[in-house]
Amino acid sequence: MSTQPAPAPLLIACALGIEQFALRAGDRGGAGGPVTVLRTGMGPAAAERSVTRMLADPALRDAAVLATGFCAGLAPGMHPGDLVVAEETRDPRGTTACVGTELLVKELGRAVPGRTVHTGPLTGSDHVVRGHERSDLRATGAIAADMESAATLLSAVRAGERPVAAVRVVVDAPEHELVRIGTVRGGISAFRVLRSVLPAFFEWHRSLLLPRR
């Protein structure tokens, strides 16, 4: 009797405890294979260490990797609770192309109806972006910034060929700067959106398991 190969796992990486809590609060099942939600800790170095260590586990060797959590919107007109689907992630070490962007946009529209979804480059920073830095980064073509996505995806593809993606929720934007997550309406709005995105991630993951024609 032949046996089907085990479905490839999904590794979802976020930095903060509040992000991990939001994702777990929204988990109702439905993934195409085993799912691990990893809290990496803040910053690119922590993300690189954590993701590299996780992907060294034989059980996760072939995992698809999706970076998520909160981000700073760079474009005028962005609002807390908007979604960012990266076409690529960037940092000083290089650029990583993302897979399945169009599918993620479609599925996020179903999972979080009424929310604006932006697509474009997501840039990495080693600190929280504020003030004039937003316009400087925006001038590079990036639409949002965070500290971990670029390091997460670069570490993932360096550990082996695999599908990668990044989806972030805008927690502050040029006209809505946030001092502390969770203390103002923008932080609460972003938390509620992040709590609702897992069905879209699972559909993305399932699409990767379909046979290619």
Side-chain angles (χ1 to χ4, degrees), residues 6-72 83-86 88-91 93-94 96-100 104 107-108 111 122-126 128 144-169 171 181-182 190-191 193-209:
L10 172 62
L11 177 64
I12 300 173
C14 61
L16 304 175
I18 191 172
E19 295 167 338
Q20 186 181 50
F21 177 75
L23 292 164
R24 286 180 170 169
D27 187 3
R28 300 292 182 270
V35 178
T36 300
V37 178
L38 169 67
R39 177 186 174 186
T40 65
M42 284 185 65
E48 180 178 1
R49 282 194 303 270
S50 295
V51 171
T52 300
R53 182 175 65 249
M54 289 297 288
L55 294 178
D57 182 338
L60 291 172
R61 181 184 58 198
D62 300 320
V65 175
L66 194 152
T68 194
F70 303 129
C71 71
L83 287 145
V84 172
V85 178
E88 63 183 29
T89 58
R90 307 169 172 174
D91 72 7
R93 297 180 300 165
T96 306
C98 296
V99 172
L104 279 167
E107 294 300 334
L108 287 166
L122 177 60
T123 193
S125 173
D126 61 2
V128 176
D146 75 90
M147 290 192 285
E148 297 84 24
S149 291
T152 293
L153 298 199
L154 186 60
S155 300
V157 298
R158 285 182 172 178
E161 185 177 350
R162 72 191 70 248
V164 295
V167 175
R168 290 275 170 171
V169 182
V171 75
I181 292 173
F191 177 87
V193 172
L194 188 60
R195 192 173 56 189
S196 303
V197 296
L198 276 183
F201 295 176
F202 293 162
E203 285 301 320
W204 175 80
H205 183 223
R206 265 196 292 270
S207 78
L208 303 175
L209 305 177

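Hydrogens, waters and symmetry mates play no part in the numbers below; they use all other heavy atoms, side chains included. All values reported here derive from a predicted model rather than from experimental measurement.
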>> Test side-chain contact (heavy atoms from CB on, under 4.5 Å) on Val35 and Leu198; report intermediate values, then the result.
In response: CA-CA 11 Å; Val35 178; Leu198 276 183; 5.9 Å; no

>> If you apply the rule side-chain contact (heavy atoms from CB on, under 4.5 Å), what do you find for Val84 with Asp146, and how did you get there?
In response: CA-CA 11 Å; Val84 172; Asp146 75 90; over 6 Å; no

> Can Leu104 and Phe201 be said to form a side-chain contact (heavy atoms from CB on, under 4.5 Å), step by step?
Replying inline: CA-CA 7 Å; Leu104 279 167; Phe201 295 176; 4.3 Å; yes

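When all heavy atoms of Phe202 and Leu10 are compared, the pair lying nearest together is CD2-CD2, 4.3 Å. Scanning all heavy atoms of the two residues, the minimum distance from Pro163 to Trp204 falls at O-CH2, 4.1 Å. Residues Asp91 and Ala150 share a closest heavy-atom pair of CB-CB, 3.8 Å. Considering every non-hydrogen atom in both Ser196 and Pro199, the closest pair reads O-CD, 3.4 Å. When every heavy atom of Val37 is checked against every heavy atom of Cys14, the shortest pair comes out as CG1-SG, 4.5 Å. When all heavy atoms are compared, the tightest approach of Phe191 to Ala22 is CE1-CB, 3.4 Å.
Applying the side-chain hydrogen bond (donor to acceptor under 3.5 Å, both in side chains) rule to Gln20 yields no partners; only residues at least two apart in sequence or on another chain are considered. Partners of Arg90 according to the salt bridge (Lys or Arg N to Asp or Glu O under 4.0 Å) rule, which considers only residues two or more places apart in sequence or in another chain, are Glu88. Partners of Ala86 by side-chain contact (heavy atoms from CB on, under 4.5 Å), not counting sequence neighbours, listed by chain and number: Thr89, Cys98, Leu122, Ala166. Not counting sequence neighbours, Arg162 has no partner by the side-chain hydrogen bond (donor to acceptor under 3.5 Å, both in side chains) test.
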Would you list the atom pairs, donor with acceptor, under 3.5 Å between side chains in residues 61-69 and any protein atom, with sequence neighbours excluded?
residue	atom	partner	partner atom	Å
Thr68	OG1	Val167	O	2.7

Ignoring hydrogens and angles, write down the donor-acceptor pairs under 3.5 Å from the side chains of residues 151-158, residues two or more places apart or on other chains.
residue	atom	partner	partner atom	Å
Thr152	OG1	Glu148	O	2.9
Ser155	OG	Ala151	O	2.7

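With Glu19 as the partner, the side-chain contact (heavy atoms from CB on, under 4.5 Å) test is satisfied by one option alone out of Arg168, Arg39, Arg195: Arg168.
A donor-acceptor pair under 3.5 Å is formed between the side chain of His205 and the backbone N or O of Ala8.
Residue pairs satisfying the salt bridge (charged side-chain N to carboxylate O under 4.0 Å, His left out) criterion with at least one member in residues 40-52, sequence neighbours excluded, are listed as follows: Glu48-Arg93.
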